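This report refers to the structure that appears directly beneath it.
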Amino acid sequence: MSKIDLDKIIPENALEEEIIDDLKSGRNKEVITRCPPEPSGYWHIAHVKAWTIDFETAKKFGGKTYLRMDDTNPLKEEGEFAESYLEDLAWLGYKPDKLIYASEAYFDDIYKIAEQMIMDGKAYVCELSADEVSATRGTLTEPGKESPYRNRTPEENLKLFRAMRDGKFEDGKATLRAKIDMAHPNMNMRDPVMYRVLRAKHYRLGNKWCIYPMYDFAHPLEDALEGVTYSLCSMEFHEHRPLYEWFIENGWKKPYPPKQREFSRLTIENVLIGKRYLKQFVNDGIVSGWDDPRFPTLVGVRRRGYTAKALKDFVKSVGWGNVLEVTVPYSALEYYVRTDLNQIATRAMVVLDPLKVVITNYQGEDEEFEIQNNPNDESAGYHKSKFGKVIYIEKEDFSLNPPPKYNRLVEGGIVRLKGAYIIKCNKVIFKENGEIDHLECEYIPESQSGNDTSGIKCKGTIHFVSENNCFEITIREFKNLIKREITHPAKALADGAKVEDILEPNSLIVKKALAENFLKTAKVEDKFQFIRKGYYCMDKDSTPENYIFNSTISLKDSYKP
RNA sequence: AGGGGUGUCGCCAAGUGGUAAGGCACAAGAUUUUGAUUCUUGCAUUCGUAGGUUCAAAUCCUGCCACCCCUGCCA
C-alpha cells in the first residue's frame, strides 16, 4: 500500500473518490475487491465490464482481487463453468490474489452465523410454503402479513434449524427467515429467506448439505469474512443494499464492514446476451458450442479473433454508469477490436475470390519481394512474397463497367500490384458462357515497388498472389447471429419472439481462398490482416492439410461508388 | 402505503454555482504502394419541462413530465 501515493491518483468516478477518502481517513488500510461469478454458464462480453471494474479498481490502489465462485445454488452450478472462468480470466490478463469456492470456504461459518442470529432473535424458522410466503409478502403498495411462525423462541428456532440441517424437513417445507419488517417499503426487507431446504448434488460438496444459504445472506458475510472492502456489483442489486448492510450489522457485527457499490450493466445492440438464452442456443445446436465464433462468450469472441485488450478498452470506454443498463451500438466495440488488431496483426495477401491474370511479357522464374509484416511496428519485420507469370487478383478488383471513381483494374487501364509492379490490362479472355476466364496483362519492369523509375502515376493498388506462391485455405465469414434489425434480442425473446424470428439465416459462410505461402507459418489464434480485406484469426479446427481462418472483422471501407 | 433510481448531441459520457470535456457514429478535406491506418476540420447558444433564487444555474429550490428497477425458497 505504501507505494501508492494517494495524492497522485486521479479519481475517475464516485467510488474512487470514496476509496481515497476511506484510505486517507484510515477506515480502510487497503483495497480488496472480489470477482464473484456463479458457475452457471460461460462468461460473455458483458461480464468483462464487471471483472474489469473489480480488478482495475483494486490495481489502481495497489490492492487485491479475489476470485470467488459464488456457488450457493447446487441446482444451477457445474464444475465445467468454474474451470472455464479460470481460463477466461487468465486470457483477460487478470490474476486473482486468491481463488475461493464460497461453498467450501464459508458454508460452515455462514451456518454458525445463522445460529447466532437465531439466538439473537434475528431469525426464525418458517414453515410456510413458497406460495404462502409469496401470498403474505404483500404487494408494492400494501404491507405484508407476518408469518405465524415469526414469534417462536430462539431455543425452538435453533432446534428447528438444526433439524433442517439434519434433513428432518422435506425440500421446501421450511426456511430460515430474517426477522426484519413485513411492512417495509423495500420488498427485500420483508423477512427475506436466509436458508432453504434443498436436496441436490453440489458440484463441489456433493450431498454434504441439504440446506443452502441464499445469495442475499451469504454474499455480504462472505465479503466480510474475506476482508473485502468494496463489493462491486451491477445496479439491480442497489435495492438489496439495505439488506446487505443489515446482514453485516446483525450477522457479522464488526466495524469497518465491506461496502456494496453498484455500476451499470452493459449490453450491446444486436448481441444476444443472457446465460439462459445462450445455453438454449448451445443445447439446440444453433451454434457449434459455447466457443462458436459467432457467440458473444469470451471463448467465442476469442476464437473469432477478438483480443482481451480490445474488450477491456471497450468496457473502460463505457464507464461506470448510473442507470440499470446501458446499451451501446456494436460499432463501439468494433472500433476497439480494429484499433488493437491494427497494431498487432500481421499483414498478408489473400485472394478471397480469385481471377486469373497472365502477365504476357513476364518470363522465367518468379521473383521475390518483401512485404512489411506490420507498418505500425517496425520490429515485426518483413516476409517474402512472389510475383510471376500467372497471378490471381480479387474478382472485384477488375471491372468491365467500372463505376465512378473506380481505382482498380479496367480494360486498357493500369493498377499497382502491392509490393510488385504496375500492370496494364490488354485483353479480357472470355469463356464460352460469357464469363471472364482470365485477363492478359503486361507488367512495367521499371515500376518495381520501392524502385520505380517509370514515372507512371497510378491511382490504385491491389493485392494478389502468385500461382507459384499460394495455397488454398478455408475461410469462415460470419454475419451477425441475430438479424440486424433486432437491437435487443434478449428482450425480443422475453416478449415472446421465437428463436427463428430473431435468428439471421446462414450466418456462417464457408469458402475457399488463395493465400500466399507465408501463411503456412501461421499457428492457431494467430491474427492477420488480409490486406485490403479484413482481420482473420487461425481457427483451432485447422489441420496441416486444411488451414482455417475465421473472419474477425472487416476493414473499414469508405469507397462509395 | 409504496419504495428505489435516472433524465447533458443519434449512442456512451465529463461536469460538484463562473458561462457545455472527451469517445463512438456521421460528414468534409489532406497524406497514403492497404479506398485501411494517420492527420485536420465540422458536429448541443444548450443540459426532460415550467417557474423561482442569484451579478451568474446543467449545477441550488419548487412543481410537473418521462423512462427504468423491486412482490424467487435465483444470483
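Just so we're on the same page: letters track the sequence lines, and every chain starts at 1. These numbers come from a predicted model, not from an experiment. These numbers come from the heavy atoms of this one structure, side chains and all, not from hydrogens, waters or symmetry mates.
- B/U59 makes up no base pair with any nucleotide shown, lacking Watson-Crick or G-U wobble contacts both under 3.5 Å.
- Comparing the P positions of B/U46 and B/U31 gives an interatomic distance of 38 Å, to the nearest angstrom.
- Side chains of A/N342 and A/N376: a donor-acceptor N/O pair is present below 3.5 angstrom, by distance only.
- Here A/Q448 lies in heavy-atom contact (under 4.0 Å) with a base.
- With the nearest nucleotide of RNA chain B identified for both A/K418 and A/P329, A/P329 has the one nearer the 5' end.
- Within the nucleic acid shown, A/R408 comes within 4.0 Å of at least one base atom, counting heavy atoms only.
- Of the residues in residues 342-349 of chain A, those lying under 4.0 Å from RNA chain B by heavy-atom distance are A/N342, A/R347.
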| query | What string of B, S and - do you get for nucleotides 64-75 of chain B, 5' to 3', if B is base contact, S is sugar-phosphate-only contact and - is no contact with any protein heavy atom under 4.0 Å? | reply | ----SBBBSBBB
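- Contact check on A/D171 versus A/R196 returns no salt bridge, with no Lys/Arg side-chain nitrogen under 4.0 Å from an Asp/Glu carboxylate oxygen.
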| said: Working note: A/L298 + A/H44, criterion side chain to side chain contact (heavy atoms under 4.5 Å, CB included); need CA distance, chi angles, decisive distance, verdict. | reply: CA-CA 5 Å; A/L298 291 200; A/H44 49 66; 6.0 Å; no
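- Annotation: salt bridge (Lys or Arg N to Asp or Glu O under 4.0 Å) contacts of A/E262 (sequence neighbours excluded): A/R241.
- Every residue meeting the side chain to side chain donor-acceptor pair (under 3.5 Å) condition with A/Q448, not counting sequence neighbours, appears here in chain and number order: A/E367, A/Y421, A/N451.
- Under the 90° criterion around 0 for the glycosidic angle, B/G72 counts as syn.
- Ring planes of A/F237 and A/Y215: tilted class, angle from 30 to 60°.
- Residues meeting the ring pair (Phe, Tyr, Trp, His ring centres under 6.0 Å) test with A/F169, sequence neighbours left out: none.
- Pair assignment for B/A27 gives B/U41, based on Watson-Crick or G-U wobble hydrogen-bonding distances that are each under 3.5 Å.
- No engagement by A/G144 is indicated, since no non-hydrogen atom pair under 4.0 Å with the nucleic acid exists.
- Near RNA chain B, meaning a heavy atom under 4.0 Å away, there are no residues from residues 377-384 of chain A.
- Two rings, from A/Y101 and A/Y106, have their centers 6.0 Å or more apart.
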Using nucleotides 27-30 of chain B, report all nitrogen or oxygen pairs with the protein that are shorter than 3.5 Å.
none

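- The stretch residues 320-332 of chain A participates, sequence neighbours left out, in these side chain to side chain donor-acceptor pair (under 3.5 Å) pairs: A/R265-A/E325, A/T267-A/T327, A/Y306-A/Y330.
- Nucleic acid contact class of A/T339 (heavy atoms, under 4.0 Å, all strands): none.
- Closest to the side chain of A/Y336, out of B/U33, B/G23, B/C12, is B/G23.
- Base-pair partner of B/U19: not found among the strands shown (Watson-Crick or G-U wobble, both distances under 3.5 Å).
- The ring pair (Phe, Tyr, Trp, His ring centres under 6.0 Å) check on A/Y244 picks up nothing, with sequence neighbours excluded.
- Ring centers of A/Y536 and A/F528: at least 6.0 Å apart, outside the cut-off.
- For the pair A/R152 and A/Y124, the cation-pi test (distance below 6.0 Å, angle within 45°) is failed.
- The salt bridge (charged side-chain N to carboxylate O under 4.0 Å, His left out) contacts involving residues 331-348 of chain A comprise nothing, where partners must be two or more places apart or lie in separate chains.
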Show me the protein contacts with nucleotides 13-16 of chain B, counting only N or O atoms at under 3.5 Å.
from	atom 1	to	atom 2	distance (Å)
B/U16	O4	A/E17	OE2	3.4

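- Contacts of A/S317 classified as side-chain contact (heavy atoms from CB on, under 4.5 Å), with partners at least two apart in sequence or in another chain: A/F314, A/Y336.
- Nucleotide B/U6: paired with B/A66 (Watson-Crick or G-U wobble, both distances less than 3.5 Å).
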| Audit row: A/D71, A/K76, salt bridge (charged side-chain N to carboxylate O under 4.0 Å, His left out) steps and yes/no | CA-CA 9 Å; A/D71 48 6; A/K76 288 168 65 181; over 6 Å; no
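- Between A/E18 and A/R261 there is a salt bridge, since a side-chain N of the basic residue sits under 4.0 Å from a carboxylate O of the acidic one.
- Residue contacts for A/K459: at a heavy-atom cut-off of 4.0 Å it reaches no nucleic acid atom on any strand shown.
- Residue-level contact check: A/Y406 touches the bases, meaning some heavy atom is under 4.0 Å from a base atom.
- The residues A/E115 and A/R162 are annotated as salt-bridged, a charged nitrogen and a carboxylate oxygen being separated by less than 4.0 angstrom.
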